[in-house]
Structures are given as structure tokens and as C-alpha cells.
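See structure below.
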Amino acid sequence: MTPKLNLDQKLINLCRNYTSKIADDIEQKIENNTTTSVERTVLRLLGVDGVDKHGIPLPNVVVEKIKAKDKLNRGISYWFGNGLLQTDLDVQTLADKIGKNEIDLLNLPQEDNDKVNDFIYKKAKESIKPIKENVKKRDQMMDEFSPGPKPWLYVIVATGNIYEDVKQAKAAARQGADIIAVIRSTAQSLLDYVPYGPTTEGFGGTYATQENFKIMREALDEVIKKEGHYVQLVNYCSGLAMPEIAAMGAIERLDMMLNDAMYGILFRDINMKRTFIDQHFSRMINAFAGVIINTGEDNYLTTSDAVNEAHTVLASQFINEELGLRTGLKKEQLGLGHAFEINPELEDSFLLELAQAQMVRQIFSDSPLKYMPPTKYINGDIFRGHLMDGMFNLASIMTDQSIQLLGMLTEAIHTPFLQDRALSIENAKHVFNSARSLSDEIQFRPDGKIQKRADQVLNETAEILKEISDKGLMQSLSEGIFADIKRPVQGGKGAEGVVEKSENYFNPFYKLLKKELNISNG
Amino acid sequence: MTPKLNLDQKLINLCRNYTSKIADDIEQKIENNTTTSVERTVLRLLGVDGVDKHGIPLPNVVVEKIKAKDKLNRGISYWFGNGLLQTDLDVQTLADKIGKNEIDLLNLPQEDNDKVNDFIYKKAKESIKPIKENVKKRDQMMDEFSPGPKPWLYVIVATGNIYEDVKQAKAAARQGADIIAVIRSTAQSLLDYVPYGPTTEGFGGTYATQENFKIMREALDEVIKKEGHYVQLVNYCSGLAMPEIAAMGAIERLDMMLNDAMYGILFRDINMKRTFIDQHFSRMINAFAGVIINTGEDNYLTTSDAVNEAHTVLASQFINEELGLRTGLKKEQLGLGHAFEINPELEDSFLLELAQAQMVRQIFSDSPLKYMPPTKYINGDIFRGHLMDGMFNLASIMTDQSIQLLGMLTEAIHTPFLQDRALSIENAKHVFNSARSLSDEIQFRPDGKIQKRADQVLNETAEILKEISDKGLMQSLSEGIFADIKRPVQGGKGAEGVVEKSENYFNPFYKLLKKELNISNG
Amino acid sequence: MDKNNLIKAYGDTYNDGKIQLSFTLPIQKGLEAEEAARKYCLQLGLKEVEVVHMRDLSEGFTFFVVYAISNVVVDKSKISVAKIDTEEMSYYEINDYIKDKIKRKLTVVGACTGTDAHTVGLDAILNMKGYAGEYGLERYPQYNTFNLGSQVPNEALIKKAVEVDADAVLISQVVTQKDIHIKNLTEFVEILEAEGLRDNYILVLGGPRISHELALELGFDAGFGSGTKPNQVASYIAQKVFENNFKDGDINE
Amino acid sequence: MDKNNLIKAYGDTYNDGKIQLSFTLPIQKGLEAEEAARKYCLQLGLKEVEVVHMRDLSEGFTFFVVYAISNVVVDKSKISVAKIDTEEMSYYEINDYIKDKIKRKLTVVGACTGTDAHTVGLDAILNMKGYAGEYGLERYPQYNTFNLGSQVPNEALIKKAVEVDADAVLISQVVTQKDIHIKNLTEFVEILEAEGLRDNYILVLGGPRISHELALELGFDAGFGSGTKPNQVASYIAQKVFENNFKDGDINE
Ligand code: B12
Ligand code: B12
Ligand SMILES: Cc1ncc(COP(=O)(O)O)c(C=O)c1O
Ligand SMILES: Cc1ncc(COP(=O)(O)O)c(C=O)c1O
């Protein structure tokens, strides 16, 4: 059937040409660098886990020792691979001994470069097998237990205590949620490491640790079998430890990751280079692990006006798409973010929401869009809030959205109570069911308000993408192109973690995943 | 712009042919009869008010005395007119004296027929002047203070106490209600008279008395001036005193009346002839008073299934339309009733609601449809209830409904609290504002589910209308054609109030209003 | 006293005692109104009262939404509710049960009494088509069913019950404003007792605000609330008739 | 004690005391659960408790919606709330007021402190573009404004205030979970007092859960809640500075 909106395909192609130019520029700026977090991720993928006696994660310990001597430019894989060859120890034992200062990687005899690289490359091949297994397992389970029709009902748990989270996640899944996201503790994104073990305290969320991932995954798998319905698990692949979390998620079979190319820069003031390098590697891992990423354009609208800045959301989606595809992510893995954040007091605001939602639906037709609920204009009137969430759910089913982050009637008050979540699930199920095929039934009037609005936003998008492609993305970000937030190109947290590669730098997983994902350039 | 649904106009015309045949049959069955209530109404219009020492309304007293002697077949106007001529008393004094048994109309010398009729006809002319004035006044006020854009927000008050009602009505009007209906006390429709004076006790509603009308009208007029917004007042012109209430409403400048041709038969087991005669005269009065009537098809769906019986609603609307037009009501005065009562658990139920609402919107394009909210499937979950009311409001703005009877989140629990009403007004304003022009923007897919559903209902409607026109409406009603309710043709309450006219029967207002409304036949 | 039996309200953590309230006060919106709402909740014994929303309803009224903590504790082990003890049977089981064990048809008379005109609920139980996929009693070969419909005076209902020598009398009450149903139902039982007819019938009450508990209080034998299915009522009546008339299986009529 | 000052909740009739509640109990859905909810409300001192809705949330939790009658009475005449006493002025009035009466520009430093990253509220008050049609303080010629943004440690904020010799320090706190804001704000005031700096600044607090009342308790000079407009804050600071520094009009600095 004919699409609801008649969009200018030439203009859309033009936008993609601009983003391709933008991406070339970024890749060229980052390809000669690695980061401490990328190198820690290499170790984690090889199997290094655990903490030293000070509770510092071993991947940090090992990498820091090399970096301290400015030897990280060669990549951790050479030093650690050489260590394995020289000591004949298994990965974890070697890491432990390094942590205990019983072994100093830099004081061992050094094998010839290629020999080490071949050796570590083989090891890498071995170590990604479990991840392949996870992908298979997910596919099988999804065949056996359907993940449900789209839009998928996505709810968060955020008690700070993983065991409390488990209770609420199970309850939500039983009530009909398709996706459970465990919100992270507020400050975690600025930690330059990943906390260890199960955790029971956090603010506004629960720490992302591999153990917590495992605990929640097991709990949900149990529900999946009981309910005969696949429940997807989400966490946050962002912040200073972005690629490590990607690795952890791949190992524990998470299904989705919040993972944006620019969120860290804009909302956490993380250094640009650091962010772009980390997002690139982390996305390769997510791509390989069959994870759907969620981008964070919705956040722009929490600080900018959803009507005036609508085009920045679309522009950012184009950029996230291009950067994502270049890391081997398939279109089906791009959960591009947008949000229902227009002031509802504005006459015809619902029409503008429909225009935006339908527009992105058509432009990114193969991607599972992540649609965020009204938050900014929700107030303490929980009845009004519940109604707004209903309008949001209707907009979603009217425009075939994919990942529906459910709004809460208590959004303005507290993180969701058990009953709030239950009501929001009931709300979405009610609206989706009673308007299931509405989208097939309606068409938008040619040259109507909705059509015109979409055209306008698309035009404005092409304009700023051109501007960005001329200036370069980093420069544009420094001028506050997104969310009214300006970040200096050189500034931001984690800059010290960026390391220039030497010509004999090697990262076995980078090579391996490029092959697995058959990525050509970049 | 092209209508959303492509309906078979030939079929629609056919339906109207059937209803015309149906109406002919009804008129022929009733034209030789009058009723006690019609005759009481004549007295009220002439200015008779008040009660006797037993508290019995004087119109009843006077009419009963004539009826007791089987002299009502000539019409009360002759006897009362003759009384005025003979006694030279004013209308009220004469009525009082009759009430006190000081005068017996049947024992007075009798003037020649035509003389009395001319005299009483002049009096009638005089006595309808105030009603004309009211119409003017309403028009002026509506020019000065807009009644607001459609759909109009319609809420009920039902405390049982007129003074409590006034508080709540004023509050509702201030909050943005466009229409206030004072629900009647449960049993009133079966009273064969109209209670007198201000009342403070009633079950599930407040008695409809002329004094209560006056009190509420004044209260609202006060708000109108304060808020600069015309607030319409509604009451129930139905039951055994139907035409008297029409007269009272005309005198007190009510703006709308619930007034259905068949409601009394079906839901109050009132005799068919009685009902059809009373509705005919009462509608002439409403027509003359510029009152918008509300019909009661929505009630069918409280006992019948809204999906299977949808066509009975449409059929009844056609009948109410035809019978209404024949009483001089303009299309603009026909608030034809329907309702949002499909089980929301049914997949795509919202599409079926849209189909029905849009269909009747197009078929009765000049009439202000009265759209009733979900009630049957509302349960104790007030949050779900509020959401359903939001969907109802959206359906309304998407299909250009006119009179929006607001749903209450507490529908399943109690008659509205002040806060319930406020929330329902907020709900409607929110949805209407944010989707104000949605209706202009959407079109329904040709041959889609919505289109097909409308076609189906229209077809089924033509079929039963044919059946009814063959059998006759009374016979059909006795077989339970509407709302699964069967009523014997001869049975029902108030049958004893039907009186066959003698050839010298005269009703000055009937003649007068026919002229005023220039009604040809009937 | 087992700790695990003591339960508190649950927001997002065990025993956090979080609850939600909404109410209207006759006071002009403003800081004082907000404080009045807070005090109101404190007097209810609530802690950490958060007035999260306040809205002017005009005419001197203000609406409030509140979240607060309540320390109220309920002891699960101390809760006992009267329940209908007969077991639920299917349409076919019930008819067989009556045929085999009672060996005669049962007669029931039902009505919406007083001013109540809400027949849908009673019809759901009695009419052929039934409710929620279950046939109504009229459809049961083993039941003679008389449905008197709406607004039936208590006297008329009793008269009919006597006339057809009913086994059970069914009453539906939906309108509960100002406890009109309590008055009406009490009157009904009183008349029966006055006339010494009380024990001739199984008295069954139903309606959305009816609980078995309440029915017993009012002198009925059973009460059925929202969502009742016809077969539940039919099972109950059949088994009760059996209990009452047939002591250990031997027919004595 | 004037009867008219005694107010009760209003459903649809004066003093009917009707209120609505919703809450979740850790108990399996069923008749016992319903009774538990009823008992829960009775223990809250409520009467005529109607459990109108009950829903299974699984995992042994049940959600309830309740309507009931509360006899709680609040005495309007006994309600007193601390209010900001300065009068609200417009953008132009404020700038003139400062020019004419204080005769020097005022300096303010603002931040979202602790782990709080919610800058929108503070920006609404400080940024050029302002809020609800009112310019932010940056736009005021008579105000030097330093907006330190999000997640600022208390020490850093104080350091800045000293450095620029601020007249007022503005803090925004939006996240209130586990009273994190109370801890954070108390710490802030303690540091100031320890360093003997408390009286050098007008301390202004803001956030959606902040009341003037609460701000005073925490040792601030003023608190601003939801819907605050920049000019209200600017008026307050200007007039306070005048009060504090200029006794009866004569300049003494
Ligand atoms: C349909 C309806 C009507 C229809 C009734 C049509 C008819 N012939 O029944 C009409 C439009 C006529 C109507 C009128 C009025 N209604 Co009405 N109505 C409703 C409505 C929307 C649905 C009721 C219903 O049909 N439920 C579906 C049935 C299947 O459920 P049920 O009744 O609970 O029955 C089940 C169980 O309770 C049980 N059961 C019920 N009876 C019995 C009997 C026995 C023996 C057994 C074993 C079981 C049993 O089994 C049934 C199946 O599970 C309710 C609101 C709501 N959503 O509940 C208001 C409602 C009941 N009505 C209400 C009122 C006030 C009125 C009026 C008085 C308003 C007015 N002033 O005009 C009038 C007057 C009617 C009168 N004289 O009684 C109020 C009652 C408030 C209260 N608690 O007192 C309600 C709650 C709406 C409201 N919020 O104001 N109403
Ligand atoms: C936008 C938003 C965000 C944005 C913030 C972007 C930004 N740069 O500010 C993002 C997405 C980053 C975010 C993140 C989080 N948020 Co947040 N967020 C919101 C949201 C939706 C709106 C807040 C807002 O902007 N309001 C608009 C402004 C204008 O209103 P305001 O803040 O009340 O400000 C006015 C007044 O309060 C006053 N005022 C405010 N500050 C000041 C200061 C002074 C000096 C003065 C005078 C006046 C004043 O004047 C302002 C104008 O009138 C609220 C929910 C809601 N609808 O309120 C949740 C909310 C505040 N967030 C919440 C949470 C928990 C978080 C997270 C911790 C969740 C997580 N685990 O990821 C994170 C972490 C952030 C952190 N470290 O603090 C919770 C807080 C719960 C609680 N009571 O503790 C809320 C209530 C949502 C919820 N229900 O869970 N959030
Ligand atoms: C893409 C993305 N990443 C991360 C986050 C949360 O990150 P943090 O843990 O830094 O709050 C968000 C929050 O909405 C997001 O949208
Ligand atoms: C057309 C019509 N008349 C009258 C009524 C109410 O009549 P009564 O007063 O008999 O309950 C209704 C109720 O909905 C109605 O729809």
C-alpha cells in the first residue's frame, strides 16, 4: 500500500550523501588511535575478568601498567599475547599474576611480532565462539518463543538493587512487557571501568556489571520458558567503559544496548575522539553479537524544543545510521531514537507528532525505531499523564513504530512503582489492541498539515547536514549543533585515555570482526 | 474535501424512503387521538401553573375533571377557553378556582365552538410570545458569548439536590463544559405529572420541575456573563409528562432536551400510542423553542451488543430523523444519539468505532450528533477508564462529532464526583486541542476494514428498515426489533391517558405551531 | 506471629509503604490549600506526604493528587472471608446432578427490585444467551426460570415465588447510592420472615457491589459480585437444594 | 472555633469525606487480598471502604483501587505557611530597582550540585532565553550570572562564589530519591558555616520538589518550586540584597 507521506526521495539520498562525507571525516580522524577502554575490551574478550586486591578490575590493572610505560600504542594484545606465550599460563591466571605484580609483561622476553599476532589471533577466534553460540541461542529461542508483535513494549527497572530489579522485571514480563531495560546508576557513565560482581545499591538505577547482567538474564530466561514469550534484555553501552560493556553484553546475551555515537559527548561531556573511537569498536561487537542498538536522539528534546529542533533529531539519526552501518551493524539492528515531546498544549501537537513519527518510519523503513514517551510535559497530574501516554501509544501504532518505551503516569514524580509500570503496560496493550490495524487504514491528506510538516523538517535536516558535512562533525558539535550543548573539540572527560597507534599496533578482534562482519573500508 | 467514507447514496435514499413510509403509518395511527399530557400541556402553555391543596399540579386537576366526564375528546382548550369567556377571570385564577372546586367548567354556559376557538387561538398567540422572546434571547447571547467549537463538552450533574447541582454545574462550566445536563431522579419518567417547586431530594438525579429549570438557568446565565461563553442547559423531555416538560423548557429557555420517539416505549414500558402522540406534540414545541433534541439510540447498546446491533442504532436514527422533521424540527435540531460501546478487548474495536461514527456523521451531515461515552465496558480500574474516555474523545474529534457526552473514569463506581467531572473535561480539552484538525488530515483506505464495516452496517440497516416499513413500527417494536426489548402494542403504562378526538376537537397551539413552523401535512 | 504475614504497601521496595491518594477540598487553590492537603494526609497518619498535583476546580474547590508513606500493617494470617462452599460445575454436570440426585426440576424466580432498572446483570445469569460464554438458567432443561425484569416491588416478587413454589429467589441490585439497596433488601427479608416464608427459599443476591459477606449480613444465603457466571449460580442452587432437602441421600419429601 | 473553617474532603456533597486511593500489597489476588485491602484502609481510619478494582500484578503482588470515606477534618484557620515576602517585579522594574537603589550590578552563581544533572530547571532561571516568556538572569544587564551547569561538587560551587564575590548562590536539586538532595544540601550549608561564609550570600534553592518551607529548614534563605519564573527569583534577590546591605536608605559599604 502507498506510504502515508509523500517524501522527496532525492532529498533523503542527499542527506545520506552528506552523512557519508561526515563519517569519512570522523573515521579519518580516529583511525590512527586506540583507547584504554578499547584495549581493556580486548582483554575482556580474551577472557580476562575479576578484580585485584584493591577491587580494581584486572583489565584496568593490566592496561594501566602498559600505558604507564607508554607502550600501549602497540596494543595490549601484543604484550598480553607475548605474556601467554612466554609463561604458558591461561589467560585468567596470567592476568591474576600481573595484578599481584608477580609478572611484569614488559620485562618478559619478547617474541617476534607476527608470531604473537598469529597466536593471539587464534586465541581471539576461540574466544568469540561463545558469542556466536549466544547469537544462535537467541535465534533459536526467538523461533520457539516469539518476541511478540511490534511495537514492542519496553519498560525499565531502576531500583538500584539487582535482586529487587529481578522481582520487578519478572512481574513486568508476566504482565506483558516484551523488553526490560535495567537503568544504570546515575554516575556510572563517568566511571572509567566496569564495577564488579552483583550490586544492591545505586542511585536512580542499578550498576551495570557482568554479574548483574547474568543474574537478570537467567531470571528472564526462566520467565521466557514459563510464559512462552521471548523477553529482551537491555542495558547501557555508553560512557567511558562503552566497549567493555558491549563485550559483557555479548557474553551474557543481552539483546539490546543503548549505544549512541554522540550521547557521551553531549550529555556526559566525554571527549569527542574517545567517544568516536569507543563507539566504533563497541558497535562492531554489538553488530557481531546480534544486538539491536538504541540511539539517544530523544535526549535532545529534553533540553531543546521538540517543534523547533525536530530536524536535529532526524539529522542525528542519519549520522547514527551511517556511523552504525560502517561498523557492520545491519539496518535491522539500528534502533534509532526519537520522542513524543511536543508541548501538548500546542494546538494540533498530535498532528506534528504523527508527522515526525511517520517521516522517520518511512525514511528508516528497515530499522526498528526506538520511540520515547512524553516526559518533559508530564506533570504531577497522573490522570493527565496516563492520557498523554495513551496518545503516545496511539501515535506509535498509527505509524508502525518498533520499540515502544512506555511512558509512566508518574513520570514527574518518582521512578516507576510496580503499579505504575503495570498501568503503563495495560495502557499500551489496550491502545495497540484496539487500534491494531489503524495504520493500514489511514492515509494523510496530500499537502495537508502533516505532509507539509514532514517536508519542512526534512528540508531543514538536509540544510544542517550540509552545514555539518562542510564544517566537520566535531567542529559542529563544538558549536552546539545538537541539544543546544557546546563541547570543546579537545576537552571533555577521558581524553587521557586516547592513545596514538604505532605502525605495529594490532587488535585481533578488530581484524576478526571486520572479517566476520565483512566490513570493507574503515 | 472528499468524505472519508464512500457510502452508497442510493442506499441512504432508500433508507429514507422506508422511514417515510414508517412515519406515514405512525401518523395515521395517532392523528385521531390526543392524550391527557398533551391537554395539560395546552394549559401550561396558556399559563396555568401551581398546585392544589393536595399538591397536585393544576394542569392535572383541570384535565382530570374533564376527562372524568369523558369530555376531553373535544380538547381542554374549548372547556378552559369557554371558562375564561364566561368568568372573565385570568388564566391562573380560573385554574385556582377550578382546583378549589369553586368553578366547574362543565357546568358553565357554553359559548359557540368557533367563538371559543378564535378566542383561545388569540390567547395562544399571546402566550407563545415569551417563547419567541427566549429564542431571540438565546440567539443574541450566542452571538455575544460563543457556545464554543464543536464537539461541545457535555457533562451531567446528578446530586438530587438542585442547589448542590448548581454548585457543580457552575464549577463544570468554569472548567470548560459547554453543556450541562441535570439528570432526572430515577422514577420521574413514570410520574404522570410534573413535580412542583424547587427540590432537594432525588435518586440518581434531581426532579425536573419548572422552578428547578429556572434556578439552574439563572445560575448558568450568571456564569455565561462571567466567562463570556454560552453554556447550554439540558433536561429530559421524556416519560409520561413529555410534552409538559417541553413547554416548561421552552418557557425557561432550556437549550437541549433528551427527547426520543421510542425511548419511553422501550426503556420505560410506556404505551406506544401515548408515546408517539406525546413525542409529536412535544417535538413541535421543541422545534418552535429552538431546542436541540437528543435521541436515545445509545441506550440500545447498553443491553445489546454494539458490534452485532450497530445497524439498529442507525435504523433508529433514520426513524427519529423522519419523525422529527415532520414535527418541524430542523436538521440542525436533531441531536441523533449513538455511542462508543464496543468491547475494547476486541482487536481493532477502535476501527469499528471510527467506522460507525464517521458513517453517521456523513449520513446526517447537517445534524448535531450526540455521541455517548463508553460505559458498559468501563470497570473499577479508573486509570483504564480515563484512557478509554480519551480514545472516545479522539474518535469524536477524528469524525467531527457535535455533542460529546463526556465519559467518567468512575463510570463503574458512582455518579460523578466534582473531581471526576473536572478530569473528564480536562481529558476532552486535551485530546480535542492536540488533535483539533486531525479529521481534515486523514482519509480512510478505500475497501479497507473501516470502509467495509460502514458498508456492512448501512446494508443491514436498509434491510431492517424495509422489514419495519412492511410490518409497521409498532408491530416491529412488539417483536423486539430494538435493544432486544419486546413491548405489546396495546400494553404499557399511560394507555389510559390516550383519548380519541371528537370531530370538533381543537388544540390552538397545534394549529399555531404548524403555521409558525410551516409544517404541511400530518 | 510470623513476620512474613505482616504486609505493608509496596511502591518499589518491600515495606516502603507507598500509596497514592486523590481528593478534593473546599478551599481556594494556593499555598495554604497545599498545606491543608498535607495536613489532611498527616491526620490520616501518613508520612512523607508529597502533594504532587493541585488543581483549581473553581467555586472554591481544589483537587489534589498525593503520594505518601503509610505504616499500616496487615496481618495476612488474620484474614478470613466467608466463601461460597459449593463447587463450581459445568452446564452438563449441573443438569445431570439435578436429574440424578434431586430427581425433579428446580424453579427459580429473579428480579431487579425496588427502583432498580439494571436488568443486564440479572439477564446475564437468567437469559438463554447467558454471559461470558456460559448459558443462562433459562437454557438449563433442569431449571424452570421466571425473570420478572426491572423495578419489581418486593411484594410482587414474593407473590410470584409463592405462586410458582420456587426453590430459589434471585435478586439483583445495582444502584447503591445512599444505600438504597440495603433498605430495599432488608425490607424484602423482613416481609418474608413476617410471613414465615423465609425458610421456603434459597435467597440469592447479586450485583457489582455485592459480596457474599454482605449477602449473609442481610439475611440472604449467598451473594455474587462482578463477573459472576451463570453456571456458578446454577451449581450453587442445585447443591444447596440437595443439602437442604436430602439428608444422606434418602428421599424424604 | 468557626465551623466554616473546618473542612472535609468533598466527593459530590459537602462533608461526605469521599477520597480515592490506590496501592499495591504483596499478596496473591483473591477474596483474601480484597479483604486485606479493606482492612488496610480501615486501619487508616477510613469508613465505607469500597475496593472497586483489584488486579494481579503477578509475583505475588496485587494492585487495588479504593474509594472510601474519611472523617478527617482540617481547620483552615490553623494553616500558616512561610511565604516569600518580597514582591514580584518585571524585568524592567528589577533592573531599574537595582540601578536606582543598589547602584551596582549583582552577581549570582548557580549550579546543579552533587550527582544531579538536571540543568533544564536552573537554565530556565539563568539562561538568556529564560522560561514561560520571561528572560533568564543572564539577560538582565544588572546581573552578572555564572551558571556552572550540572553535577557540580559543593566545594567547587563555594570556591566559585568566593572567587567572584557573589551576592547570591543558586542551587537546583531535581533528583530526590532516597533524600539524596537533603544530604547534599545539608552538606553544602555545613561547609559554608564551617568556613564562616554563610552570611556572605543569599542562598536560593530550587526544584520541582522544593518548597520555601523546606528551603528554610535546610538553612537556605528561599526556596522556589515548580513553575517558578526567572523574574520572581530576580525580584527576590534584588530586594533581599537591598534589605541586607542598605539600612534605611543610607549607603554603607
Ligand atoms: C447499562 C447501565 C444502565 C442502563 C441499564 C439498562 C438495563 N436494562 O440494564 C440504563 C441506561 C437504563 C441505566 C440507567 C440508569 N443508571 Co445505570 N448503568 C449502566 C452501566 C453502564 C452498566 C451496568 C451493566 O449493564 N453492567 C454489565 C453487567 C453484566 O454487570 P453487572 O450488573 O455487575 O452484573 C454482573 C454481576 O454483578 C452479577 N449480578 C448482577 N446481578 C445479579 C443478580 C444475581 C441473582 C446474581 C446471582 C448475580 C448478579 O452477575 C452479572 C454478570 O457477571 C453502569 C456503569 C458500569 N459500567 O457498571 C451504570 C450504573 C450502574 N448506573 C447508574 C445510575 C445512577 C443509573 C441511573 C439511576 C442514572 C439516571 N439518573 O438516569 C439510571 C436509572 C436506572 C434505574 N432506575 O435503576 C450508576 C449507579 C451508581 C451507584 N453505585 O448507585 C452506574 C454505576 C453509573 C454511574 N457511575 O453513575 N444504566
Ligand atoms: C529532562 C529530564 C532528564 C534529562 C535531563 C536533561 C538536562 N540536561 O536537564 C535526562 C534525560 C538527562 C535525565 C536523566 C536522568 N533523570 Co531525569 N528527568 C527529566 C524530566 C523528564 C524533566 C525535568 C525537566 O527538565 N523539567 C522541566 C523544568 C523546567 O522543570 P523543573 O526542573 O521543575 O524546574 C522549574 C522549577 O523546579 C524551578 N527550579 C528548578 N531548579 C531551580 C533552581 C533555582 C535556583 C530556582 C530558583 C528554581 C529552580 O524553576 C524551574 C522553572 O520553573 C523529569 C520528569 C519530569 N517530567 O519532571 C525526569 C526526572 C527528574 N528524572 C529522574 C531521574 C531518576 C533521572 C535519572 C537519574 C534516571 C537514570 N537513572 O538515568 C537520570 C540521571 C540524571 C542525573 N544524573 O541527575 C526522575 C527523578 C526522580 C526523583 N524524584 O528523584 C524524574 C522525576 C523522572 C522519573 N519519574 O524517574 N532526566
Ligand atoms: C543513548 C543513551 N546512552 C546512555 C544513556 C544513559 O546514560 P547514563 O548512564 O550516562 O545516564 C541514555 C539515557 O537516556 C541514552 O539515551
Ligand atoms: C432519550 C432519553 N430520554 C430519557 C432518558 C432518561 O429517562 P428516565 O428519566 O426515564 O431515566 C434517557 C437516558 O439516557 C434518554 O436517552
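Everything numeric in this text was worked out from a predicted model, so none of it was measured.
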NZ/NE/NH1/NH2 to OD/OE distance under 4.0 Å, C:E32 and D:K83: yes

Rounded to the nearest 0.5 Å, how far does [atom2] of [Y] lie from [atom1] of [X]?
{"X": "D:K76", "Y": "C:E35", "atom1": "NZ", "atom2": "CD", "result": "15.0 Å"}
{"X": "D:L31", "Y": "C:I84", "atom1": "CG", "atom2": "CD1", "result": "9.0 Å"}
{"X": "D:T24", "Y": "C:D12", "atom1": "OG1", "atom2": "CG", "result": "10.5 Å"}

Sidechain-backbone polar pair: D:K8 side chain, C:P26 backbone, donor-acceptor under 3.5 Å: no

Main-chain N/O of D:F23 paired with C:K18 side-chain donor or acceptor, under 3.5 Å: no

Interface moiety of D:V81 toward chain C, non-hydrogen atoms closer than 4.5 Å: side chain

Engaged part of D:E34 at the chain C interface, taking heavy atoms whose separation is under 4.5 Å: neither

Worked check of side chain to side chain contact (heavy atoms under 4.5 Å, CB included) between C:I27 and D:V74: CA-CA 11 Å; C:I27 185 170; D:V74 173; over 6 Å; no

Side chain to side chain, C:I19 and D:Y40, heavy atoms closer than 4.5 Å: yes

Contacts of residues 212-239 of chain C with chain D (heavy atom under 4.5 Å): none

Over 12 non-hydrogen atoms of neighbours within 6.0 angstrom of OH in D:Y91: yes

